[in-house]
Amino acid sequence: MSKTRIYKIYLQLLKKYGLANKFWKKWCQIKKTKGDKEEILIGAILTQRTNWKNVELALKNLKEAKVLSIKKIYQLGNQRLLKSLIRPAGFYQQKAKRLFLLCRFIVTNYGSLEKFFEKDLEICRKQLLALYGIGPETADSILLYAGQKPIFVIDEYTRRFVKKYNLAKKFSYDFLQKLFQENLPKDVKIYQNFHALIVLDGKNEKH
DNA sequence: ACCCAGGTGGCCC
DNA sequence: GGGCCACATGGG
C-alpha cells in the first residue's frame, strides 16, 4: 500500500509520541491494576459520554469490592450494589443495566470472554450491537482493545482529529471508519496505536 | 452557578 | 436518513 495522507499523519504522531501502549502500561502501574481484557470491556461501557477520570473512580470501586470481572458483575445482577459502585461514572442506572446485560450475554452464551472472541469479527460485532446500550463505538472499542480484532474506533476525539486535518466533509460513523480502514494497513497494532495517539494528541491540545 | 466529558436509545418527522 | 431529548457524576 502506498502511503496515504492519513498514514503519513499517523507516522508523524508516532514520531512525536512513540508507541501509545507505554502510556497505558504506565497508567496501569500508577493505578496498580492489570488493565486486562475484562477491565477494558467494563471500562468501554463506563466511559460512554463521560470523563475518564470518573471512570477511574468507578473502576477503583469495582476493584476494591473485588467484582472487577465479567462473572462477578453477572453474579451481582443489575442491583443496588453494582449501581452504587459505578455511580461516579455518571448515568449509573443505565450503565448498570448495560454492564449486567453484556456480562450476562458473555457468561450464558460463551462462558468466557476468550470463547466469545474465538468467533469472527463480523459475528462478534453483530452480537455486541444487538445488545441494549452498545452502539458502534462501544462495540468497536471492545473488539479492538479487548478482542485484538482489526476494526477502527471512531469517537469524539477521532472526529475532532478529522476536522483538524480536513480529512473529510462527512462525519457519520460508518463513513469515517471506512475512511481510516481504507487508508491504513489492516493491522490491529496500528489501529490501536493510532486511535490512542489521536486521543493523546487531542488531550494535549487542550492544555 | 454554570459548563464539560471516548454514547445510546427512544421518540418524531 | 437526521434532529432532539433523557440519562448523572465529578472537576474546572
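As a basis for the values below, the full set of heavy atoms in this structure was taken, side chains included, without hydrogen atoms, waters or symmetry mates.
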Asks: Do A:Asp120 side-chain atoms and A:Glu122 backbone N/O form a donor-acceptor pair below 3.5 Å?
Replies: no

Asks: May I ask you to say what A:Leu131 touches in the nucleic acid, namely base, sugar-phosphate or nothing, with a heavy-atom cut-off under 4.0 Å?
Replies: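 It contacts sugar-phosphate atoms only.
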
Asks: Rounding to an integer number of angstrom, what distance separates C:dC7 and B:dG6 when you compare their P atoms?
Replies: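 Between the two P atoms, the distance is 22 Å.
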
Asks: Would you please classify the geometry between the A:Phe116 ring and the A:Phe105 ring as parallel, tilted or perpendicular, with 30° and 60° separating the classes?
Replies: perpendicular

Asks: Rounded to the nearest 0.5 Å, how far apart are NZ of A:Lys22 and CG of A:Asn193?
Replies: 10.0 Å

Asks: Distance check, rounded to the nearest 0.5 Å: A:Lys83 atom NZ versus A:Tyr92 atom OH?
Replies: 8.0 Å

Asks: What integer number of Å spans the P atoms of B:dA1 and C:dA8?
Replies: 23 Å

Asks: Salt bridge (charged side-chain N to carboxylate O under 4.0 Å, His left out) between A:Glu56 and A:Lys31: does it pass, once the steps are laid out?
Replies: CA-CA 9 Å; A:Glu56 284 183 0; A:Lys31 303 297 173 188; 3.1 Å; yes

Asks: Is A:Lys164 salt-bridged to A:Glu205, cutoff N-O under 4.0 Å?
Replies: yes

Asks: Earliest and latest nucleotide of DNA chain B, 5' to 3', sitting under 4.0 Å from a non-hydrogen atom of chain A?
Replies: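 For DNA chain B, the relevant span reads B:dA5 to B:dG9.
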
Asks: State the CG-CG distance between A:Leu176 and A:Leu167, to the nearest 0.5 angstrom.
Replies: 9.0 Å

Asks: Looking at SG of A:Cys124 and CZ of A:Phe117, how far apart are the two atoms once the value is rounded to the nearest 0.5 Å?
Replies: 6.5 Å

Asks: Which is true for A:Arg159 with a 4.0 Å heavy-atom rule: it touches a base, it touches only sugar-phosphate, or it touches nothing?
Replies: nothing

Asks: Quick one, give me the B/S/- string for nucleotides 7-12 of chain C, reading 5' to 3', where B means a protein heavy atom under 4.0 Å from the base and S means that only happens at the primed atoms, P, OP1 or OP2.
Replies: BBBS--

